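Working notes for the structure below.
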There are 2 protein chains.
Amino acid sequence: MVRPTMEDVALRAGVSRALVSLVMRNSPKVSEARRSAVLKAAEELGYSPHAMARSLASRTSTVLGVMVSDLHNAFFAEVVDGIDEVAREQGFDIIINTGGRSPARERRALESLLSFRPAGLILLSPVVPATAISKAAEQLPIVLVARSSRVSTVDTVNDDGEQGARLAVDHLVSLGHKRIAHLDGGEGTQAGPRRRGYVTAMEAHGLTPQVVPSEYTDAAGARAIRGLIDDGTLPTAILSCNDFNAVGAISALEDAGLRVPQDVSVVGYDNTSLAALRHVSLTTIDQPRAEFGRLAADALLQRVREQRTEPVRHLLNPSLVVRNTTAPPATSRRSSGSPFPSTAEGDSAGSGSRTADSRAKSQERRSSDQ
Amino acid sequence: MVRPTMEDVALRAGVSRALVSLVMRNSPKVSEARRSAVLKAAEELGYSPHAMARSLASRTSTVLGVMVSDLHNAFFAEVVDGIDEVAREQGFDIIINTGGRSPARERRALESLLSFRPAGLILLSPVVPATAISKAAEQLPIVLVARSSRVSTVDTVNDDGEQGARLAVDHLVSLGHKRIAHLDGGEGTQAGPRRRGYVTAMEAHGLTPQVVPSEYTDAAGARAIRGLIDDGTLPTAILSCNDFNAVGAISALEDAGLRVPQDVSVVGYDNTSLAALRHVSLTTIDQPRAEFGRLAADALLQRVREQRTEPVRHLLNPSLVVRNTTAPPATSRRSSGSPFPSTAEGDSAGSGSRTADSRAKSQERRSSDQ
DNA sequence: TCTATTGGTTGGAGCGCTCTAATGCTGTAG
DNA sequence: CTACAGCATTAGAGCGCTCCAACCAATAGA
């Protein structure tokens with residue numbers, strides 16, 4: 001249970017501790033003979049450098065801290081993949097901590113990450129107050145992903161939520177929809193731009209926006225739909241604030257005997273793996289997640305190594321992925337809803353024909369039902 | 001960009017560095033006057049202790065390392081929740097790293113975690129070779145979750161995969177199924193027990209096991225089903241190695257024009273959030289995930305604090321969650337498949353009637369189709 | 001009054017490493 | 001033969017902290 005130290009290696013190789021240190025950081029100013037002797041000794045002892053002692057002594061760190069606001073959301077896993085890729089290329093390690101979407105727990109996670117004095121921090125969709133972030137930014141470089149900031153010491157990587165919402169609205173309008181509601185993400189990060197984009201796009205088309213309060217969850221989506229049905233204000237198309245919300249909305253619609261997409265079209269946001277499942281086959285807005293991670297890591301490393309000080313604001317273009325939850329609206333004559341579901345396919349792998357198929361079935365059943 | 005040190009706090013509070021140290025570790029042997037003076041100074045300077053220096057000096061660590069083999073899988077998120085809960089209670093922090101299911105990357109993640117000299121390590125379903133694990137176990141306590149080990153220095157927390165598979169088979173048999181295939185998890189961790197449990201249970205019922213090679217993925221499940229259809233060996237029920245595999249299997253079945261559960265019943269394994277979605281509503285085997293995490297953290301902390309040396313082997317009982325992908329098999333007369341899908345509901349929240357509904361529809365459509 | 005005792009406080013060594021400046025050693029030029 | 005590079009190597013200080021032993025009142029016991 002006790003790891004060998006540099007001293008042990010030095011002793012065994014018959015050199016000084018400093019020389020071992022040079023070899024470990026593969027300095028060029030070491031003779032081949034000594035280098036191999038040291039390497040051999042290290043190997044025999046199973047020595048590997050103590051990262052903390054190293055970083056303490058060098059007053060630098062080769063660690064990037066990553067705070068994932070919600071481990072349950074696969075969205076972040078792909079961002080982490082992108083971060084990891086770049087970090088590894090550049091010889092940095094990452095350590096992750098999670099806040100479980102609770103500000104208190106997230107704050108703790110932040111403290112914990114900070115206590116390791118990493119070279120920098122990447123926060124994925126943090127929910128802590130902005131002040132906590134700018135306070136941390138006084139101590140080390142910070143990059144925010146999926147959350148914006150005006151602080152000049154922090155960089156941000158976001159998708160253009162306004163544009164994403166606009167893509168969705170344009171798609172629905174081109175299918176012939178006029179009444180399109182937005183299930184709003186409320187306080188959720190990025191909910192603002194999406195809502196703005198939706199409103200702007202609706203108005204650009206000369207349509208009346210209908211913003212329905214909701215949240216980034218399955219249950220909230222279902223609840224919002226039930227509310228609309230009860231109010232008698234259900235439109236022909238729904239733009240959800242994210243995929244989870246959309247799936248909840250679809251469930252509630254179908255529970256109410258409505259067909260998706262024949263009676264109501266639904267568009268999600270995020271293109272999570274959930275949306276791609278054939279079973280769900282959700283039309284949605286895709287964000288380049290791994291690219292988020294890569295850009296975030298790049299931005300951070302630029303601050304760390306090149307001492308950049310001007311803030312970077314990446315705003316990536318989202319794209320529309322058409323699957324099987326959107327179709328032209330039913331005409332006013334009830335029995336003859338549009339017979340052809342959308343079959344355009346926006347992503348290469350994944351969603352097959354199953355859902356379209358089952359929708360066709362559900363349509364038939366309904367017409368025989370009433 | 002420079003954090004204050006203990007020295008700074010001591011200076012400002014007019015005490016020695018050692019006293020500040022005592023206050024930071026809230027030692028009882030400090031007078032109230034001094035304590036509050038130090039706390040005030042620390043507050044004013046925005047001081048927080050340097051975890052690495054602390055652990056270097058004390059030769060102990062209050063950090064638990066967690067290696068998550070796959071961040072994309074929400075299964076692990078819940079285990080981490082459990083770990084975090086216990087760790088936090090006991091004053092430990094956790095740092096996470098991920099291996100992305102690649103042995104090479106996982107090895108690197110392990111090295112990285114090790115370089116922080118944490119008090120112990122919890123590995124969630126690791127894919128590195130056993131030798132790598134036992135080597136690491138010489139340096140610090142290790143707990144394995146969802147992977148077994150014979151090494152006496154490592155503890156393990158698993159579900160009883162044999163029992164889980166047996167529950168699934170019993171359920172299917174009780175519905176009247178006789179031909180039940182198992183889509184096998186191959187090399188995947190825990191695939192062995194599940195396969196054994198399946199085979200044993202089948203034989204106990206006097207039935208012939210049919211083990212089909214597959215993997216823990218969506219795509220693999222679909223592929224396996226297509227193979228069975230091509231061979232003409234498709235049974236009336238499928239027990240998948242996990243939920244992802246099951247969802248892939250369902251897609252492939254429905255692509256082939258078969259109805260779930262009327263033509264074929266499908267049971268998953270893991271009860272992921274995916275399974276609970278109304279859209280999917282998968283009958284599956286639930287594992288107490290948060291409990292896995294809690295037990296793992298407990299076991300680790302026992303080794304760390306109480307110097308326990310005898311290995312602990314937790315084997316938790318899984319449970320069956322019946323949703324809407326299982327039903328009695330169709331009788332031989334093709335047109336009159338069992339008309340009633342299972343409606344038993346194993347979990348309180350979540351899956352509603354939508355899926356059962358759409359299955360009913362799909363059945364109708366099929367009878368009118370051919 | 002003197003010695004123990006106790007509770008509070010402090011100096012200093014040291015954790016495993018890096019980094020600077022200094023050292024020893026060769027080889028070449030003056 | 002001395003001088004001086006130029007290179008490989010090393011001693012030693014120090015990173016921010018903990019921990020031990022020593023210290024210093026202030027009180028208690030004799």
Side-chain angles (χ1 to χ4, degrees), chain A residues 1-39 41-42 45-63 91 93 114-119 139-140, chain B residues 1-39 41-42 45-63 91 93 114-119 139-140:
Chain A
M1 287 279 181
V2 62
R3 298 190 83 169
T5 143
M6 207 165 241
E7 197 72 51
D8 301 327
V9 178
L11 234 57
R12 180 173 252 257
V15 299
S16 72
R17 206 182 58 249
L19 214 239
V20 177
S21 172
L22 289 175
V23 172
M24 284 306 150
R25 289 173 288 147
N26 40 160
S27 154
K29 44 176 62 174
V30 177
S31 67
E32 261 324 304
R34 306 280 185 140
R35 176 186 306 283
S36 56
V38 167
L39 255 20
L45 291 173
Y47 171 81
S48 78
H50 189 313
M52 306 175 91
R54 168 177 281 183
S55 115
L56 186 62
S58 65
R59 268 140 294 184
T60 63
S61 168
T62 56
V63 173
D93 276 329
L114 244 28
S115 77
F116 287 99
R117 304 290 192 277
Q139 299 183 6
L140 40 41
Chain B
M1 287 282 178
V2 63
R3 299 192 82 170
T5 141
M6 207 165 240
E7 197 72 51
D8 302 327
V9 178
L11 235 57
R12 180 172 249 259
V15 299
S16 72
R17 207 182 54 250
L19 213 239
V20 177
S21 172
L22 289 175
V23 172
M24 285 306 150
R25 288 173 289 145
N26 42 159
S27 153
K29 42 176 63 174
V30 177
S31 66
E32 261 322 304
R34 306 281 187 146
R35 176 188 306 282
S36 56
V38 167
L39 254 21
L45 292 172
Y47 171 81
S48 78
H50 189 314
M52 305 174 94
R54 169 176 280 184
S55 116
L56 187 61
S58 66
R59 269 141 290 186
T60 63
S61 168
T62 58
V63 173
D93 276 329
L114 245 27
S115 78
F116 286 98
R117 303 290 192 278
Q139 299 184 5
L140 79 184

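Side chains included, hydrogens not; waters and symmetry mates left out as well; all remaining heavy atoms used. Here is how names work: the chains are called A, B, and so on, in the same order as the sequence lines, proteins then strands, and each is numbered from 1. Bear in mind the structure is a predicted one, so any value in this text is a computation, not a measurement.
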| task | Indicate for each nucleotide in nucleotides 12-19 of chain C, in 5' to 3' sequence, whether protein heavy atoms under 4.0 Å reach the base (B), only the sugar-phosphate (S), or nothing (-). | result | BBBBBBBB
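In this structure, CG of B/Leu19 is placed 12 Å from C1' of C/dG7, rounded to the nearest angstrom. Taking atom NZ of B/Lys29 as the reference point, atom P of D/dC24 lies 18 Å away to the nearest angstrom.
Side-chain contact between B/Leu140 and B/Leu114 is present, with at least one heavy-atom pair separated by less than 4.5 Å.
For B/Ser31, no side-chain nitrogen or oxygen approaches OP1 or OP2 of C/dG7 to under 4.0 Å. Contact check, B/Arg34 against C/dT9: a side-chain N or O comes under 4.0 Å of OP1 or OP2.
Screening A/Thr5, A/Val30, A/Val9, A/Leu11 for a side chain to side chain contact (heavy atoms under 4.5 Å, CB included) with A/Val20, the sole residue that qualifies is A/Val9.
Judged by distance alone, with hydrogens and angles left aside, the side-chain atoms of A/Arg59 form a donor-acceptor pair with the main-chain N or O of A/Ala57 at under 3.5 Å. In this structure, the side chain of B/Arg35 does not engage the main chain of B/Asn26 through any donor-acceptor pair within 3.5 Å.
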| task | Any chance you could lay out the side-chain contact (heavy atoms from CB on, under 4.5 Å) test for B/Arg3 and B/Tyr47, step after step, and finish with the verdict? | result | CA-CA 7 Å; B/Arg3 299 192 82 170; B/Tyr47 171 81; over 6 Å; no
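At a cut-off of 3.5 Å, with distance as the only test, no side-chain donor of A/Ser21 or A/Arg17 sits close to an acceptor on the other residue.
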